[in-house]
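Remarks on the structure that follows.
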Amino acid sequence: CSTFESELLRKERRQVVASKTGNPYLFLSTETVRYKSQLAAEQALGEVKASYAACVQNKGGTERDGVFTKYEFLELPNLPANLVSEKQRVVVHAKIGEGEATRYLFGAYQYHKDMFTGLYVVRSGETDFSQEELSRWLVVAGVMAERLKS
């Protein structure tokens with residue numbers, strides 16, 4: 001839903017995206033970023049939180065192509081204690097788009113010092129993530145948080 005100025009403050013970035021025909025997921029992605037400083041990472045977190053809040057308030061957002069996309073934010077199971085602190089993360093479960101363009105997102109955006117790690121799972125079609133499925137992806141986010149904090 002946004003463009004982030006903090007992208008210019010990245011020192012290193014690695015993203016791995018996987019997709020497989022016949023899989024219920026459009027794609028799975030993990031991302032790790034080292035920012036030029038902790039202040040730059042804090043700026044990035046602030047931008048993510050502001051974008052998320054605006055997207056929740058507006059029930060969607062304008063994409064880079066200028067088209068408004070509807071978002072509906074959905075329930076998450078209890079978050080595990082091993083994620084980074086609440087003030088250092090954004091965890092999202094959302095229905096994006098409408099009709100044939102409907103997809104579901106689980107995203108965990110976590111920051112620690114000058115580092116960021118993201119987990120994005122996107123599912124297509126009319127079937128949302130089950131609470132059990134979300135709980136399994138939260139275990140993965142917890143492993144990523146532990147590695148981020150070490």
Other than [X], which residues form its hydrophobic cluster under the rule that side-chain heavy atoms must be closer than 4.5 Å?
{"X": "V67", "value": "none"}
{"X": "V143", "value": "none"}
{"X": "V84", "value": "M115, L148"}

Show me, pair by pair, the donor-acceptor contacts under 3.5 angstrom made by side chains of residues 133-141, not counting sequence neighbours?
unit_1, atom_1, unit_2, atom_2, d
E133, OE1, R123, NH1, 2.9
E133, OE1, S130, N, 3.3
E133, OE2, Y25, OH, 2.4
E133, OE2, R123, NH1, 2.7
S135, OG, Q131, O, 3.0
W137, NE1, Y25, OH, 3.4

Fill in: Which residues share a side chain to side chain donor-acceptor pair (under 3.5 Å) with E31, sequence neighbours left out
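Side chain to side chain donor-acceptor pair (under 3.5 Å) list for E31, sorted by chain: R13, Y120.
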Could I get the full list of salt bridge (Lys or Arg N to Asp or Glu O under 4.0 Å) partners for [X], not counting sequence neighbours?
{"X": "K149", "value": "E146"}
{"X": "E100", "value": "none"}
{"X": "K70", "value": "E98"}

Item to complete: Any pair with a residue in residues 78-90 that passes salt bridge (Lys or Arg N to Asp or Glu O under 4.0 Å), sequence neighbours left out, goes on the list, sorted by first then second residue, please.
Response: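 Residue pairs with at least one partner in residues 78-90: there are none.
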Discussion item. With salt bridge (Lys or Arg N to Asp or Glu O under 4.0 Å) as the rule and sequence neighbours excluded, what pairs involving residues 104-116 come up?
Written reply: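 Sorted result for residues 104-116: R34-D114.
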Fill in: All ring-ring contact (aromatic ring centres under 6.0 Å, His included) counterparts of Y104, not counting sequence neighbours
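Not a single residue meets the ring-ring contact (aromatic ring centres under 6.0 Å, His included) criterion with Y104.
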Practice prompt. Sorted by first residue and then second, give each ring-ring contact (aromatic ring centres under 6.0 Å, His included) pair with at least one member in residues 27-64; sequence neighbours left out.
Written response: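 The answer is Y52-F73.
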